[in-house]
Amino acid sequence: MRLSKMHLRTLREVPAEAEIASHILLLRTGMIKKLVSGVYGFMPLGWRSVRKIEDIVRDEMDKAGGQEILMSAVQPAELWEESGRWTQYGPELWRLKDRNGRDFCLGPTHEEIFTDIVRNDVSSYRQLPMNLYQIQTKYRDEARPRFGLMRSREFIMKDAYSFDKDREGLDQSYNDMFRAYEKIFTRAGLTFRPVEADTGAIGGSGSHEFTALSEVGESEIAYCDACQMAATSERAAFVDDPATSEERKPMEEVHTPGTKTIEEVAGFLGLEKKQTIKALLFVTYDDGGEENGYVAAFVRGDRELNMTKLINLLDIPEHAIAFADEEKLEAATGAVGGFTGPVGLHHCKIVVDSELTGQQNLCAGACKVDHHILNVNYGRDYEGDLIGDIKMLLPQDPCPVCGAPIKYARGIEVGQVFKLGTKYSESMGATYKDENQKEQFIVMGCYGIGVTRTLAAVVEQHHDENGIIWPMSVAPYHAIITLMKPEDPDQKALGEKIYEELGEAGVEVLLDDRKERPGVKFKDADLLGIPVRITVGRDAADEKVEYKLRREEETLSVSAADAIAAAIKIVNEER
RNA sequence: CGGGGUGUAGCGCAGCUUGGUAGCGCAACUGGUUUGGGACCAGUGGGCCGCGGGUUCAAAUCCUGCCACCCCGACCA
C-alpha cells in the first residue's frame, strides 16, 4: 500500500477525550474513530490489526476442533425468557422492539442462540462432542463506557460453545480451550495470566479469566509467588483463621458514645480490630424492582466484605441488592447505623462469615445508639441464616493454597472460559439420546475472547512516548519503506524495487511516497510503529538504505538486498 | 445512578468575570522559498459559539431547561 493513496489521518495532538495510552494512540494513529460514547469504527490500519487478531483466534480455534459459524446479533426475547435471563440480565441488555411491539435484544453473548441450535440439530450421542464458535459484534449497554476499546458498548468478540455428553467430556473441552487461549494470547504478544474467576450472571461451575497485565486494567487479581494460585480478587478463596478455644464469657453491654467505625470502637475499648464484628446492611429487590427484604452481613472487624461472594451465597442476581438506607432499615429490623450487631436483629436475613463461628468473645454493635456488646459468641448469642466465606482476600493475607503472603496486580480481562454444565440445556431443553436410548442433558461450556479489547491490551503493553511498537503478529503492516525524496529518481526507483520484492515475498509493506518533509514521515513512522523500517535516502544511488527493526534497535546502513533479506527473515520468524 | 468537569472551524484551545455580532495554533487550499526528525513567507476557504426557552435595543458571554462528551465512584457475561 502506498501512503499517498491510503486513507490515513494521524493526529499531532492528544485528543481531549482520551486518557490512557491505548486509547490515545489508537486515536492518534487514526486506527479507530468514535461515533458516540462507547461505539467505535475501524479505519484501514485499525481494521487490519483487528483482522490479524481474528485470524490468530480462528487458526487456534480451528486447530482445537472448533467450527466457525455466524449468528445474528439480533435475538428474540422468547429465548431469553426461556433461559430466565430476560428478567435476570438487567439494564446492560440492549433491548429493542420491532414495529409490532415484539421484544428483541442485541446479543451481549449467545448462550441462548447456540443452545437453541443444538437442541434442534443434536439428538444423538454420536454427534457429540461439538464445538461451535463465531467472531461477531456484541452489544452491552454499559453504565459507563471507558477508555476507548477497553470497555465499549459495541465490541467484537469471539464466543465459542462446547457441547459434551458428560462432565468428563466438558473437562476435556474446557482444557482444550484453555490451552488454545494460552496459544492465542501468546501469539498476540501479550503478557498475561490465567486466573480463577467468578462465574457471575452467566452461571456455571468453573471459570478462568485470561488477564493481560496492565496498570490501567480494570480487573484486580490476587496471586501468589510461592505457588500457582491466581484468582480475581472477588473470587479468591480465604482460609479462615483457626478457631480459638477461649472460655466464653457472659455478654456485657457497654456505653460507647460516638464510636461508629470499627477503628473508633476498637480504639475506645482498647481492643484489636480482629476482636470486633463488622456489620453491613443491604436491601434486596424482586424481579420487578420492588424491595422484598433486608440482609445483614457480618465479617470480622479486620476483614472486608466481598460483595461477589455475598451475592453468590445469597444466590440472587447482582442488581437485586444494594446498600440499605439506614433509617428505613432501623424501623424494620432494629439495626442502628454504626451500632448494628447480630444480637437483637429481626426481620432480616443474617449472613455470617464462616470465620466468625470459630472466634470467641467478640465485640459487636448492640442495635442501640452509642452501645456495643462485649463477649458475643456464635451459637450461644446469635445464629446465621447463611454461613460462608464472604470476605476479600487482600494483599499480605495468607495464600489459601500455600500460606505465603498474597500479592495484587491489575490487568485487562481479554478472555474468559466457563464450565456452564447443564444450566442452559436444562432450562431450554437441550438433550441427546445416549447409548442406552436414555434422554440426557447436553453438558455445555462457553469461551469468550474480546477481540477489540485484546487490540487495546496489545497497544497498552507495546508502546512508548512516541507511539505504538507492534508485535509482528498484530501489526497492521510488517514493514514500511520511507522515501526521503519521492521525486528523486534514484530513491523512487530503489524504493519501488524494495516494495515490489518484499510484496512478492509475502511481506505486508507500506511505501511512504507522500510529498512530505522527512520529519513528518519519521514522526508518523514512529507513531504507527510498523516493526520493520527501511529508509531510502541520500545513498539510494549506491543501492544503500537504512534498516531498523523496531524503535529500540540500532539503525544499520546496509545494501538494499541485505535489507530485503533481513526483512523477509524476521517477518517469517515472527508473523 | 451519585459526584466533578467540559461543549466555540477537522484537531488542540482563547474569548464569557465586565453583553456590542468570533479569534489563535495545527490541519486544508493557492503561490513562492525550503528539503534527513512534525519548515518559512504571503494569501484563501471553513463557525446555527451543543440544543431550546428567557432577559435585553443587542447574547458565545447573563438566567433557565435539556442534551452530549470526559473523569471518579456505583455497576460490569
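What you see is a predicted model, and the numbers here were worked out from it, not measured in a lab. Each chain gets a letter, A, B and so on, in the order its sequence line appears, and its residues count up from 1.
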Under 3.5 Å between N/O atoms: give me all the protein pairs with nucleotides 66-69 of chain B, atom names plus distance.
| unit_1 | atom_1 | unit_2 | atom_2 | d |
| --- | --- | --- | --- | --- |
| B:C69 | OP1 | A:S37 | N | 3.0 |
| B:C69 | O3' | A:K34 | NZ | 3.0 |

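- Residue contacts for A:E19: at a heavy-atom cut-off of 4.0 Å it reaches the sugar-phosphate backbone alone, with no base atom in range.
- Nearest to the side chain of A:E546, among B:G36, B:U35, B:G37, sits B:G36.
- Taking atom C1' on both nucleotides, B:U6 is separated from B:G43 by 35 Å, rounded to a whole Å.
- Using a 4.0 Å cut-off between charged side-chain N and carboxylate O, A:E142 and A:R151 make a salt bridge.
- Heavy atoms of A:R453 sit nowhere under 4.0 angstrom from any nucleic acid atom.
- Taking the C1' atoms as reference points, B:A27 lies 15 Å from B:A39, given to the whole Å.
- Both A:L527 and A:I311 lie close to RNA chain B; mapped to their nearest nucleotides by heavy-atom distance, the more 5′-ward contact belongs to A:L527.
- A salt bridge between A:R533 and A:E553 is absent, with no side-chain N of the basic residue lying under 4.0 Å from a carboxylate O of the acidic one.
- We find that A:E218 and A:R146 are joined by a salt bridge, their nearest charged nitrogen and carboxylate oxygen being less than 4.0 Å apart.
- The distance between atom NZ of A:K492 and atom P of B:U35, rounded to the nearest whole Å, is 22 Å.
- Base contact: A:G537 has a heavy atom under 4.0 Å from a base atom.
- Only the P atoms considered, B:U35 is 14 Å distant from B:C40, to the nearest whole Å.
- Between A:Q491 and A:A143, the one whose closest nucleotide on RNA chain B sits nearer the 5' end is A:Q491.
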Could you pull out every donor-acceptor pair under 3.5 Å between side chains of residues 16-36 of chain A and any protein atom, sequence neighbours left out?
| unit_1 | atom_1 | unit_2 | atom_2 | d |
| --- | --- | --- | --- | --- |
| A:S22 | OG | A:E460 | OE1 | 2.7 |
| A:H23 | NE2 | A:Y40 | OH | 3.2 |
| A:R28 | NE | A:L11 | O | 2.9 |
| A:R28 | NH2 | A:L11 | O | 3.3 |
| A:R28 | NH2 | A:R12 | O | 3.4 |
| A:T29 | OG1 | A:L25 | O | 2.7 |
| A:T29 | OG1 | A:L26 | O | 3.2 |

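- A salt bridge links A:K138 to A:D159: at least one charged side-chain nitrogen sits closer than 4.0 Å to a carboxylate oxygen.
- A:Y139 comes within 4.0 angstrom of no nucleic acid atom, judged by non-hydrogen atoms across all strands.
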Base versus backbone protein contacts along nucleotides 26-34 of chain B [heavy-atom cut-off under 4.0 Å; B, S, -]: SS------B

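- The partner of B:C49 is absent, by the rule that a Watson-Crick or G-U pair needs both atom distances under 3.5 Å.
- Rounded to whole Å, the distance from CD1 on A:I24 to C1' on B:C71 is 13 Å.
- Protein atom CG of A:N312 is 14 Å distant from nucleotide atom C1' of B:C76, rounded to whole Å.
- With salt bridges taken as basic N to acidic carboxylate O contacts below 4.0 Å, none links A:D513 and A:K5.
- Residue contacts for A:A16: at a heavy-atom cut-off of 4.0 Å it reaches the sugar-phosphate backbone alone, with no base atom in range.
- A salt bridge does not link A:E111 to A:K423: none of the charged side-chain nitrogens sits closer than 4.0 Å to a carboxylate oxygen.
- Rounded to whole Å, the C1' atom of B:C41 lies 40 Å from the corresponding atom of B:A58.
- Spacing of C1' atoms, B:G38 relative to B:C26, comes out at 10 Å, to the nearest Å.
- Counting heavy atoms from C-beta on, the side chains of A:Y89 and A:P108 come closer than 4.5 Å.
- Rounded to whole angstrom, the span from the NZ atom of A:K521 across to the P atom of B:A39 amounts to 13 Å.
- Nucleotide B:G12 holds its P atom 12 Å from the CZ atom of A:R28, rounded to whole Å.
- When both distances must be under 3.5 Å, the Watson-Crick or G-U wobble mate of B:C11 is B:G25.
- A:P91 comes within contact range of no nucleotide atom at all, as no heavy-atom separation falls under 4.0 Å.
- In this structure, A:L310 atom CG and B:A74 atom P are separated by 16 Å, rounded to whole Å.
- The listed nucleotides are B:G37, B:U35, B:G12; the one nearest the side chain of A:D526 is B:G37.
- Side-chain N/O atoms of A:Y408 and A:S233 include no donor and acceptor closer than 3.5 Å.
- Under 4.0 Å is where a charged nitrogen must lie from a carboxylate oxygen, and between A:R514 and A:D512 at least one such pair does.
- B:C67 sits 16 Å from B:C51 when the P atoms are compared, rounded to a whole Å.
- Figure legend. B:G19 is base-paired to no nucleotide; pairs are counted as Watson-Crick or G-U wobble with both atom distances under 3.5 Å.
- For A:E92, the listed nucleotide lying nearest its side chain is B:C76; candidates were B:C76, B:C75, B:G12.
- Rounding to whole angstrom units, CZ of residue A:R151 and P of B:C72 are separated by 12 Å.
- On a pure distance criterion of 3.5 Å, no polar donor-acceptor pair joins the side chain of A:R551 and the base of B:G37.
- In a base pair of the Watson-Crick type (N1 to N3 plus N6-O4 or O6-N4) or a G-U wobble (N1-O2 and O6-N3), with each distance short of 3.5 Å, B:C69 is matched with B:G5.
- Put simply, the side chain of A:R144 and the base of B:C76 share no donor and acceptor less than 3.5 Å apart.
- Atom CD of A:E487 sits in a crowded spot, with more than 12 heavy atoms from other residues, nucleotides or ligands closer than 6.0 Å.
- Between A:R146 and the phosphate of B:C76, there is no side-chain N or O to OP1/OP2 separation shorter than 4.0 Å.
- Put simply, CD on A:E209 is 13 Å from P on B:C76, counting in whole angstrom units.
- Residues A:Y174 and A:H208 bring a donor and an acceptor atom of their side chains to less than 3.5 Å of each other.
- At a threshold of 4.0 angstrom between heavy atoms, the contacts of A:D159 with the nucleic acid are absent.
- Base pairing of B:U34: no nucleotide in any strand meets the Watson-Crick or G-U wobble criterion (both distances under 3.5 Å).
- No contact: A:E112 has no heavy atom under 4.0 Å from any strand.
- The gap from the P atom of B:C16 to that of B:G23 amounts to 15 Å, rounded to the nearest Å.
- B:G19 and B:C57 have their P atoms separated by 15 Å, given to the nearest Å.
- With a 6.0 Å cutoff to the six-membered ring centre and a 45° limit on the axis angle, A:R95 counts as a cation-pi contact of A:W86.
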